[in-house]
Participant: 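Pasting a structure here, questions to come.
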Amino acid sequence: MEDDNILRQQRIKKSQELRDQGVDLYPSFNGAENKIGEILSLFADREDLPAAETAPLLRTAGRLMTVRDFGKSLFFHVQDGTGRMQGYLKKDQVGAETFALFKKLDIGDFVGLAGVLFRTRTGELTLLVKEAALLSKALLPLPEKFHGLTDVEQRYRQRYLDLLVNPSVRQIFETRSRIIAFIRSFMNDRGFLEVETPMMQPIPGGATAKPFKTYHNTLDMPLFLRIAPELYLKRLVIGGLERVFEINRNFRNEGISIQHNPEFTMMEFYQAYATYQDLMAFTEKLVSELAEAVRGTLTFSYQGESIDLTPPWQKISFLEALRDLGGLPAAVLNDPIRAVELAREQGAQLRPGDGPGKALTKIFEQVVEPKLRQPTFITGYPIEVSPLAKRSRENPDLTDRFELFVAGREIANGFTELNDPLDQRDRFMEQMKAHEAGDDEAQVMDRDFVQALEYGLPPTAGEGIGIDRLVMLLTDAPSIREVILFPQLRPEN
RNA sequence: GGGCCGUUAACUCAGGAGGUAGAGUAUCUGCCUUUUAAGCAGAGAGUCGUUGGUUCGAGUCCAACACGGCCCA
């Protein structure tokens, strides 16, 4: 494939010439004592650089990104993980041999450098090179320096090039790392224990979604990639781990879109002796402090829209939202048959067994969710779509559950956990019926989990927060693929 | 699954109404010891996503397919 590429052939030829001269193209090296970012920040504001004759040599290394050749001297930029710095190589400083070697190098090659700092006429801090060595030879050329790499498909397929030449992409993933680190420490500070539960489950539970199926040869049994860790985390609460959290991947065998990737990252956490009300306050605090830490402000723009995360956030019940934001008349809200009819009229694909709870949820997704721009908690979801949540005392058709929306997207989902084992068994039975009626997303009876509940789950609240969507919001990313390093794509050929 | 758009040199992009493919960057050769999208002179570089079709002739028109993007379900 690349064998036809003349640029690659030229580099191979040059490499061979260097080898013939006894140059090791891929030597071992551990002498990058001074990172470029440190050098730059250390001397950025200093007018009086140490005199070139007396200054100690700075030793650094990085990838050659640009070269401006003047014959007997040349300027270049070298980039490492912390920054990019200009270097100045003069024949009379490094000697003819090193100079000739350096002239043979290509953009993309790694070099080790030793030198002293000076400022050019335009004031740019520059390393006057005293010693230079090739550290690793690149055979393929980097994308163009000015436009970078813009082809979306290639950016995802060759993310390493994207990261290398598009600084804003690198920033997104640095921010992502800081977001996860912040959340982890926020949870640790509040006494939550970080745990890891199975990614491969014999019964995929804890969410309404289609699973990926796999197979264990030795055990001779099918397994499913988890769609959620919920049922395992609750087993841990039963076991006395009263505050647990897990930050990890879930897998859902569904469509790919601007906000869906088959594997995505969730933080799920459970707290004994708490209610969904407590979790809303907790979420408000977590997300607003996170935004403050990551963006330095609670008001920022997301895709041109002004978002304000200043607490307290609006709370509206599911039914109120349908009435006030969705414009549904009370006649529909209170009439199960009318609700199902309306959902069908709006084009929702309801299955034979689907009741009013499902119908209203479909309508909600269509008419209310797009309107939830500023952070909003929606509370009191129908029991029909909440098989693991505690039934509401005020209305037996609803649950003590909430979802958080920002910019029209669901960010979090939490509820007071159903801890009545007999009720849970009945709910599973309802799900089984839906499954038999053709709902392949309906949840599957997990007898082992029900048995665990029979040993006693304390009053508990639990929640999942979609990390990718949170990262999108805080990095102003238009698509989930911009915050996942290697989004799922079809093979090229 | 449906609709719309895209795919041309290593990268970023032109290519009017069908007549043997162009630019900038990068690369190669030469000149140049403070440049920074360095400059000057010259050169090389393409299965125009794939496969068919229409035509004397297809990057261009038509069809199917592949991959990607956006919207809808």
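All values below come from the heavy atoms of this structure, side chains included, with hydrogens, waters and symmetry mates left out. Letters A, B, ... mirror the listed sequences (proteins, then strands); counts begin at 1.
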Participant: Counting heavy atoms from C-beta on, name the nucleotide in G68(B), C71(B), C11(B) closest to the side chain of Gln154(A).
Facilitator: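 Nearest listed nucleotide: C11(B).
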Participant: Could I get a table of every N or O pair under 3.5 Å where one atom is in the protein and the other is in nucleotides 31-34 of chain B?
Facilitator:
| residue | atom | partner | partner atom | Å |
| --- | --- | --- | --- | --- |
| C32(B) | N3 | Asp69(A) | O | 3.3 |
| C32(B) | N4 | Gly71(A) | N | 3.3 |
| U33(B) | OP2 | Phe70(A) | O | 3.1 |
| U33(B) | O4' | Ser73(A) | OG | 2.9 |
| U33(B) | N3 | Asp92(A) | OD2 | 3.4 |
| U33(B) | O4 | Asp92(A) | OD2 | 3.2 |
| U34(B) | O2' | Arg121(A) | NE | 2.6 |
| U34(B) | O2' | Arg121(A) | NH1 | 2.7 |
| U34(B) | O2' | Arg121(A) | NH2 | 3.4 |
| U34(B) | O2 | Arg121(A) | N | 3.0 |

Participant: Side chains of residues 19-29 of chain A: which donor-acceptor partners sit under 3.5 Å, not counting sequence neighbours?
Facilitator:
| residue | atom | partner | partner atom | Å |
| --- | --- | --- | --- | --- |
| Asp20(A) | OD1 | Gln16(A) | NE2 | 3.1 |
| Asp24(A) | OD1 | Tyr26(A) | N | 3.0 |
| Tyr26(A) | OH | Lys137(A) | O | 2.9 |

Participant: Please convert RNA chain B into dot-bracket. A pair counts if it is Watson-Crick or G-U wobble with both distances under 3.5 Å; crossing pairs go in [ ] and bases paired with another strand get |.
Facilitator: (((((((..((((.....[..)))).(((((.......))))).....(((((..]....)))))))))))).
Participant: Checking all strands, does Gly148(A) fall into the base, sugar-phosphate, or nothing category for heavy-atom contacts under 4.0 angstrom?
Facilitator: sugar-phosphate
Participant: Answer with base, sugar-phosphate or nothing: what part of the nucleic acid does Ile258(A) contact at a heavy-atom distance below 4.0 Å?
Facilitator: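 Answer is sugar-phosphate: Ile258(A) comes under 4.0 Å of backbone atoms only.
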Participant: Check nucleotides 43-48 of chain B against the protein and report each pair of N or O atoms closer than 3.5 Å, with its distance, or say if there are none.
Facilitator:
none

Participant: With sequence neighbours excluded, what pairs up with Asp92(A) under the side chain to side chain donor-acceptor pair (under 3.5 Å) test?
Facilitator: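 Asp92(A) satisfies side chain to side chain donor-acceptor pair (under 3.5 Å) with no other residue.
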Participant: Detail all sub-3.5 Å separations between protein N/O atoms and N/O atoms belonging to nucleotides 4-8 of chain B.
Facilitator:
none

Participant: What contact category does Arg481(A) fall into here, base, sugar-phosphate, or nothing, at under 4.0 angstrom with non-hydrogen atoms?
Facilitator: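 Counting heavy atoms under 4.0 Å across all strands, the contact made by Arg481(A) is with sugar-phosphate only.
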Participant: Pro491(A) or Ser479(A): which one's nearest nucleotide on RNA chain B is closer to the 5' end?
Facilitator: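 Comparing both residues, the 5'-ward one is Pro491(A).
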Participant: Can you name the ring-ring contact (aromatic ring centres under 6.0 Å, His included) partners of Phe405(A), sequence neighbours left out?
Facilitator: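 Phe405(A): no ring-ring contact (aromatic ring centres under 6.0 Å, His included) contacts found.
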Participant: According to salt bridge (Lys or Arg N to Asp or Glu O under 4.0 Å), who are the partners of Glu263(A), at least two apart in sequence or on a separate chain?
Facilitator: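 Glu263(A) satisfies salt bridge (Lys or Arg N to Asp or Glu O under 4.0 Å) with Arg249(A) only.
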Participant: Between A37(B), C11(B), C28(B), which one does the side chain of Lys14(A) approach most closely?
Facilitator: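 Ranking A37(B), C11(B), C28(B) by closest atom to the Lys14(A) side chain puts C28(B) first.
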Participant: What pairs with Arg469(A) under salt bridge (Lys or Arg N to Asp or Glu O under 4.0 Å), at least two apart in sequence or on another chain?
Facilitator: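 For Arg469(A), no residue satisfies salt bridge (Lys or Arg N to Asp or Glu O under 4.0 Å) once neighbours in sequence are set aside.
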Participant: So, do Phe318(A) and Phe364(A) have ring centers that fall under 6.0 Å from each other?
Facilitator: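 Phe318(A) vs Phe364(A): aromatic centres under 6.0 Å.
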Participant: Taking only residues two or more places apart in sequence, or in another chain, which ones meet Glu320(A) in a salt bridge (Lys or Arg N to Asp or Glu O under 4.0 Å)?
Facilitator: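 For Glu320(A) there are no salt bridge (Lys or Arg N to Asp or Glu O under 4.0 Å) partners, ignoring immediate neighbours.
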Participant: Taking the same atom, P, in G59(B) and in C65(B), what whole-Å distance lies between them?
Facilitator: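 Rounded to whole Å, the distance is 23 Å.
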Participant: Rounded at 0.5 Å granularity, tell me how far CZ in Arg159(A) sits from CZ in Arg481(A).
Facilitator: 10.5 Å
Participant: In whole Å, what separates the C1' atom of A9(B) from that of C28(B)?
Facilitator: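 It comes out at 15 Å once rounded to the nearest Å.
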Participant: Mind checking whether Phe377(A) and Phe402(A) have ring centres under 6.0 Å apart?
Facilitator: yes
Participant: Kindly say if Gln86(A) contacts the phosphate of U35(B), meaning a side-chain N or O under 4.0 Å from OP1 or OP2.
Facilitator: no
Participant: Using the C1' atom as the reference point in each nucleotide, state the distance between C40(B) and U8(B) in Å, no decimals.
Facilitator: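 Each nucleotide's C1' atom is 30 Å from the other's.
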Participant: Categorize Lys362(A) for me: base, sugar-phosphate, or nothing, with a 4.0 angstrom heavy-atom threshold over every strand shown.
Facilitator: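 Counting heavy atoms under 4.0 Å across all strands, no contact is made by Lys362(A).
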Participant: Would you classify Arg68(A) as touching base, sugar-phosphate or nothing, given that sugar-phosphate means primed atoms plus P, OP1 and OP2, and contacts are heavy atoms under 4.0 Å?
Facilitator: base
Participant: Mind checking what makes ring-ring contact (aromatic ring centres under 6.0 Å, His included) contact with Phe76(A), not counting sequence neighbours?
Facilitator: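 Testing Phe76(A) for ring-ring contact (aromatic ring centres under 6.0 Å, His included), a comparison that skips the adjacent residues, returns Phe102(A).
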Participant: Would you kindly compare Thr66(A) and Ile256(A) by the position of their nearest RNA chain B nucleotide and give the one closer to the 5′ end?
Facilitator: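 Taking each residue's closest nucleotide, the earlier one in sequence belongs to Thr66(A).
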Participant: Applying salt bridge (Lys or Arg N to Asp or Glu O under 4.0 Å), can you list everything that pairs with Asp439(A), at least two apart in sequence or on another chain?
Facilitator: Arg351(A), Lys358(A)
Participant: Would you call the rings of Phe118(A) and Tyr88(A) parallel, tilted or perpendicular, taking 30° and 60° as the class edges?
Facilitator: tilted
Participant: Please determine whether a side-chain nitrogen or oxygen atom of Ser257(A) lies at a distance below 4.0 Å from atom OP1 or OP2 of G69(B).
Facilitator: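 Negative; the distance criterion is not met.
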